[in-house]
There are 2 protein chains.
Amino acid sequence: MPPPSPTSAPSHHPSSLTPPANRLRHALLDMLADKAVGHGARLPSERQMMASFGTTRITLREALTQLEAEGRIYRENRRGWFVSPPRLRYDLLACLPFREMVESQQRRAETYVLEATHRPASARIAARLGIMEGTPVYHIVRARHVDGRPVLYVEHHLRTDCFPGILEHDLETRSLTELYRSHYSIRVSRVSFELCSTVLDERAADALRAASGGPAQRVTRINFDQNGRAIDYDDELWRHDAIALTLSAAPQNGA
Amino acid sequence: MPPPSPTSAPSHHPSSLTPPANRLRHALLDMLADKAVGHGARLPSERQMMASFGTTRITLREALTQLEAEGRIYRENRRGWFVSPPRLRYDLLACLPFREMVESQQRRAETYVLEATHRPASARIAARLGIMEGTPVYHIVRARHVDGRPVLYVEHHLRTDCFPGILEHDLETRSLTELYRSHYSIRVSRVSFELCSTVLDERAADALRAASGGPAQRVTRINFDQNGRAIDYDDELWRHDAIALTLSAAPQNGA
DNA sequence: AAGTGGTCTAGACCACTAT
DNA sequence: TAGTGGTCTAGACCACTTT
């Protein structure tokens, strides 16, 4: 690879066909692949990379942002750039508790409760749960880590009439669906998802040590019990490079 | 916090508490909401906005890129910025043909065939179809538009032994699954998805009048017939602001 | 031909993290 | 306190789209 020609006299280097940003991207890809930069490893500082690749901050950052969008690297707010670990596979219909899902893939799970209160249901939440606006619902907010990296910010909204006193339980260790079954005799018999790609809002970004506005995958989910009643509504925001959603089922068309 | 006095005498405007980029974002949001800028409407040119908001090109572009990531606006390559129409709802298990899905939401569908050939299966494709690497497969590439906007780039890979001569049919008007049934007596009885957020590669970007590297939602799909045999493998790249994936089913856990 | 977005240069200051 | 990423300024040239 040619030395990063210093400012003047770029002369006749062979590889100067591709524009700088793209060359930069490939150079970075080489760095990710060739070296022993394992998953989660930190990249050199931007100023170091700037110097070693001979570019501007802005151009470098564009290349980094591109790789971030591709899901190959990620950043922690004001802390630097890191190599993305392989995506966690999230089987939507397996409905495994988070810990089991993570551990079955030989990875380590942690959960932190950020909030566990009740509050009146907003219009949106009430609509999804089929209750009156203003009815109290339990509001549980958690951050979940994989191998020490915070990747998921969830807000759960539970019908209080279904789960009286559920906030008293240990919500960092136990799975909600397991509590539903063991303490309230409620089983989830149908789930309804909506998925779309967005960005992290400030609260989520905060919990994930990310920059607000970073790329995210939203997974919202409504759980129904054996009587077809909506019992809770979850709003999940994942760091977009951290998961691959999977799904296998029979199609439901009448044809 | 001292007002971020922008160079020359902007005087004493009240809203100078928030940093410029965020103020800009809100100003743009106002523009999207307040005015009669309907879905698909074009935004003013960057230089115009630069002037009217009193910022730099780079700062402006950052705000625009942010709104793009949020799915509120999108860009067409070198043509400008546009207001995103509402997301198309894509029910993964309904398995409706594209045209029906779109038209049932009161929108207009168009399909263009970009390629219809056969070629030896790559290792990845062979693995997904359960065939030997190098076995020929049909390769169909299509671009699909909603209300005149290209939003989906798909590559289909079909087992040639299942669908001899399928390339002779009209692939712009007819749905593949309908052809499977009517001409080959093959029904899709199971589907398997993998979803993740990525970026548009050059070919997809080209077909979607987008910039390569723009945000995208990948949906890959394997269809199985009534005998459990993988019959085709689709790789879909959507403009990420164009869809919301939905899904409703019974969970599959044994518990 | 004019105007647009895409890309790039060469700096700067600030808030925050790490030491 | 030194170094980091986050943000911003003030320009420039090019390829492409549109008129």
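These numbers come from the heavy atoms of this one structure, side chains and all, not from hydrogens, waters or symmetry mates. Each chain gets a letter, A, B and so on, in the order the sequences are listed, and its residues count up from 1.
- Judged by the 6.0 Å and 45° rule, R142(A) forms no cation-pi pair with F98(A).
- Looking at the side chain of R78(A), the nearest of the listed nucleotides dT4(D), dC16(C), dC8(D) is dC16(C).
- Rounded to a whole Å, the CD atom of E76(B) is 22 Å from the P atom of dA15(D).
- Atom CG of L64(B) and atom P of dG5(C) are 9 Å apart (whole Å).
- In this structure the side chain of V102(A) reaches within 4.5 angstrom of the side chain of L88(A), judged on heavy atoms.
- Contact annotation for R57(A): base contact, defined as any heavy-atom pair under 4.0 Å involving a base atom.
- Each of dT9(C), dG5(D), dA10(D) was ranked by its minimum atom distance to the side chain of T56(B); first place goes to dA10(D).
- As rounded to whole Å, 11 Å separates atom C1' of dC14(C) from atom CZ of R47(A).
- Checking I58(A) against G80(A), the closest nucleotide of DNA chain D that is more toward the 5' end is the one next to G80(A).
- Spacing between atom CG of L60(A) and atom C1' of dT7(C) amounts to 15 Å, rounded to whole angstrom units.
- Contact annotation for S45(B): backbone-only contact, meaning every heavy-atom pair under 4.0 Å involves sugar-phosphate atoms and none involves a base.
- When the C1' atom of dG5(D) is taken as reference, atom CE of M50(A) falls 13 Å away, rounded to whole Å.
- Checking E70(A) against Q66(A) by side-chain atom types alone, a donor-acceptor pair falls below 3.5 Å.
- The CD-C1' distance, from E62(A) to dG5(C), rounds to 12 Å in whole Å.
- Considering only side-chain atoms of T55(B), the nucleotide from dT9(C), dT9(D), dT4(D) that sits closest is dT9(D).
- Looking at heavy atoms from C-beta onward, L237(A) lies out of side-chain contact with L208(A) at the 4.5 angstrom threshold.
- Side-chain contact, S84(A) with D241(A): a donor N or O sits under 3.5 Å from an acceptor N or O.
- Straight-line distance from the CD atom of Q66(B) to the P atom of dT7(D): 9 Å, rounded to whole Å.
- Distance CZ (R209(B)) to P (dG5(C)): 16 Å, rounded to an integer number of Å.
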